[in-house]
Trainee: 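Input: one structure, supplied below.
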Amino acid sequence: MSEIVLNLMKIKDSLSKSCTLVAVSKTKPIKDIEQAYNSGHRDFGENKVQELAEKAGYLPKDIRWHFIGHLQRNKVKYIIPFIHLIHGVDSLRLLNEINKRAKNENKIIHCLLQVHIAEEDTKFGFNKPELLDMIQQDNFKELENVQINGLMGMATYTADQDQIRREFKSLRRLFEELRASDNKLKMKTLSMGMSGDYLAALEEGSNMIRIGSAIFGERN
Ligand SMILES: *Cc1c(COP(=O)(O)O)cnc(C)c1O
């Protein structure tokens, strides 16, 4: 068995059935993805539109592609025909564009709202007041071709485990709060955890982890 498949199996075995493992294949060649695919894996994540569209064109159509990067509005149209889930939605303008393109194709596109939980201010995403404000807006309520299925967040890149925990906890708390309140969001997916911090994320309630280097090896 290849290294990639062994890594994948090891991580999958440690997960509960209700947790989805997104294998993040960005920068990795088609043949690496095929190895994982041939072992039965179907959920893959990419963060660049062009790379994703090229790979999706080559690879089997039953792959569930996750877009995990920062999505620019002018590129939305390229992924709408095949995307399974867009993780990084961080503005109402982007949602409007996704809605428009989805409508053209007669589709409902599933999205996660990205929440800024890290200390670094370079990361994208809503803060809590912004998110709460957006979901109250009529424009948001009127979107018919997007379905918000949950939240996505990235913790600070740090060795401080307590800080990582705190950040994941804050996302979990917001997730539960939104789930309990009256709105048009379907809070079922909580996407948090990467190679370096997914064990902490799982303990804090994640049900979707996005793992790249721990499966495919370090990226250049
Ligand atoms: C690259 C990336 C990952 C995977 O990172 P690893 O540390 O290689 O597991 C997860 N989420 C996002 C948003 C990414 O860009």
Side-chain angles (χ1 to χ4, degrees), residues 11-12 14-24 42-43 45 64-71 76 83-99 102-103 107-119 123-156 161-194 197-211:
I11 297 170
K12 264 190 184 167
S14 71
L15 299 177
S16 76
K17 285 224 161 48
S18 56
C19 184
T20 302
L21 169 60
V22 178
V24 176
R42 292 294 179 271
D43 289 276
R64 292 183 290 271
W65 289 106
H66 297 247
F67 189 77
I68 62 169
H70 181 68
L71 183 56
V76 167
I83 199 72
H84 174 67
L85 182 64
I86 301 175
H87 289 230
V89 173
D90 63 356
S91 74
L92 184 52
R93 289 174 80 199
L94 176 57
L95 273 177
N96 274 308
E97 176 66 15
I98 296 170
N99 188 70
K103 195 171 201 155
K107 283 178 173 260
I108 306 286
I109 297 292
H110 293 228
C111 300
L112 306 180
L113 299 178
Q114 183 169 355
V115 180
H116 183 278
I117 54 173
E119 253 168 28
K123 298 255 166 81
F124 297 102
F126 293 99
N127 59 35
K128 182 176 169 182
E130 287 167 348
L131 193 155
L132 295 180
D133 176 65
M134 180 184 74
I135 66 175
Q136 296 303 326
Q137 294 188 32
D138 289 338
N139 174 205
F140 176 79
K141 293 179 183 167
E142 286 157 11
L143 298 173
E144 286 183 333
N145 294 73
V146 292
Q147 170 66 58
I148 307 298
N149 269 348
L151 304 180
M152 180 270 218
M154 280 196 272
T156 303
Q161 293 303 311
D162 292 340
Q163 181 177 353
I164 292 171
R165 291 276 170 163
R166 271 200 308 278
E167 293 173 357
F168 286 150
K169 270 194 213 304
S170 73
L171 188 57
R172 170 72 187 273
R173 226 177 290 125
L174 180 57
F175 181 76
E176 298 298 343
E177 206 175 297
L178 291 168
R179 178 144 71 179
S181 61
D182 182 29
N183 55 56
K184 62 172 280 192
L185 314 175
K186 276 209 180 98
M187 283 294 123
K188 55 180 197 180
T189 301
L190 181 56
S191 170
M192 61 183 194
M194 311 176 26
D197 57 20
Y198 76 91
L199 293 174
L202 290 171
E203 287 182 16
E204 299 305 336
S206 169
N207 61 15
M208 186 172 281
I209 57 175
R210 310 174 309 270
I211 309 287

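Just so you know, these numbers use all the heavy atoms, side chains as well, and skip hydrogens, waters and symmetry mates. Throughout, residue positions are numbered sequentially from 1 according to the sequence presented.
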Trainee: For S191 and H87, which heavy atoms make the closest approach, and how far apart are they?
Mentor: OG-ND1, 3.1 Å
Trainee: Can you check side chain to side chain donor-acceptor pair (under 3.5 Å) on S16 and S18, steps first, answer last?
Mentor: CA-CA 5 Å; S16 76; S18 56; 3.1 Å; yes
Trainee: Just to verify, which of L174, L151, I209, L112 counts as forming a side chain to side chain contact (heavy atoms under 4.5 Å, CB included) with L190?
Mentor: L151
Trainee: Is it true that a side-chain atom of N99 and a backbone atom of N145 form a donor plus acceptor pair closer than 3.5 Å?
Mentor: yes
Trainee: To the nearest 0.5 Å, tell me how far N207 CG sits from K188 NZ.
Mentor: 10.0 Å
Trainee: Under the side chain to side chain donor-acceptor pair (under 3.5 Å) test against D43, which residue among R210, H66, H84 passes?
Mentor: H66
Trainee: With rounding to the nearest 0.5 angstrom, report the CD1 to CD1 distance, I86 to I98.
Mentor: 4.0 Å
Trainee: Please report the shortest heavy-atom distance between M208 and C19, naming the atom on each side.
Mentor: N-SG, 4.0 Å
Trainee: Using a 3.5 Å distance criterion without hydrogens, assess whether the side chain of N127 forms a donor-acceptor pair with backbone atoms of H116.
Mentor: no
Trainee: Counting only N and O atoms by type, is there a donor-acceptor contact under 3.5 Å from the side chain of K103 to the main-chain atoms of E144?
Mentor: no
Trainee: List the atom of G153, the atom of I117, and the distance in Å for their closest heavy-atom pair.
Mentor: C-CD1, 4.1 Å
Trainee: When you compare the side chain of Q147 with that of K184, does any pair of heavy atoms fall below 4.5 Å?
Mentor: no
Trainee: Any chance you could measure L94, atom CG, to E97, atom CD, to the nearest 0.5 Å?
Mentor: 8.0 Å
Trainee: If you compare all heavy atoms of K12 against all heavy atoms of L21, which two are closest, and at what distance to 0.1 Å?
Mentor: CG-CD2, 3.9 Å
Trainee: Nearest 0.5 Å, please: how far is CG in N149 from CD1 in I109?
Mentor: 11.5 Å
Trainee: Is the count of non-hydrogen atoms from other residues, nucleotides or ligands lying under 6.0 Å from K141 atom NZ greater than 12?
Mentor: yes
Trainee: Is the shortest side-chain N to carboxylate O distance from E176 to R179 below 4.0 Å?
Mentor: yes
Trainee: Check step by step if side chain to side chain contact (heavy atoms under 4.5 Å, CB included) holds for N183 and F140.
Mentor: CA-CA 11 Å; N183 55 56; F140 176 79; over 6 Å; no
Trainee: For the backbone of R172 and the side chain of E204, can you confirm whether one donor and one acceptor N or O come within less than 3.5 Å of each other?
Mentor: no
Trainee: Would you confirm whether S206, through its side chain, and M192, through its main-chain N or O, come within 3.5 Å as a donor-acceptor pair?
Mentor: yes
Trainee: Going from CG on L132 to OG on S181, what distance comes out if it is rounded to the nearest 0.5 angstrom?
Mentor: 8.0 Å
Trainee: Sub-3.5 Å donor-acceptor pair from the side chain of N96 to the main-chain atoms of L92, do we have one?
Mentor: yes
Trainee: Please report the shortest heavy-atom distance between F168 and A200, naming the atom on each side.
Mentor: CD1-C, 4.1 Å
Trainee: Side chain of T156, backbone of E119: donor and acceptor closer than 3.5 Å?
Mentor: yes
Trainee: How far does CG of L131 sit from NZ of K128, to the nearest 0.5 angstrom?
Mentor: 10.0 Å
Trainee: Can you give me the closest heavy-atom contact between V89 and F126, atom names plus distance?
Mentor: O-CE1, 3.4 Å
Trainee: State, yes or no, whether a side-chain contact exists between L113 and L95 at a heavy-atom distance under 4.5 Å.
Mentor: yes
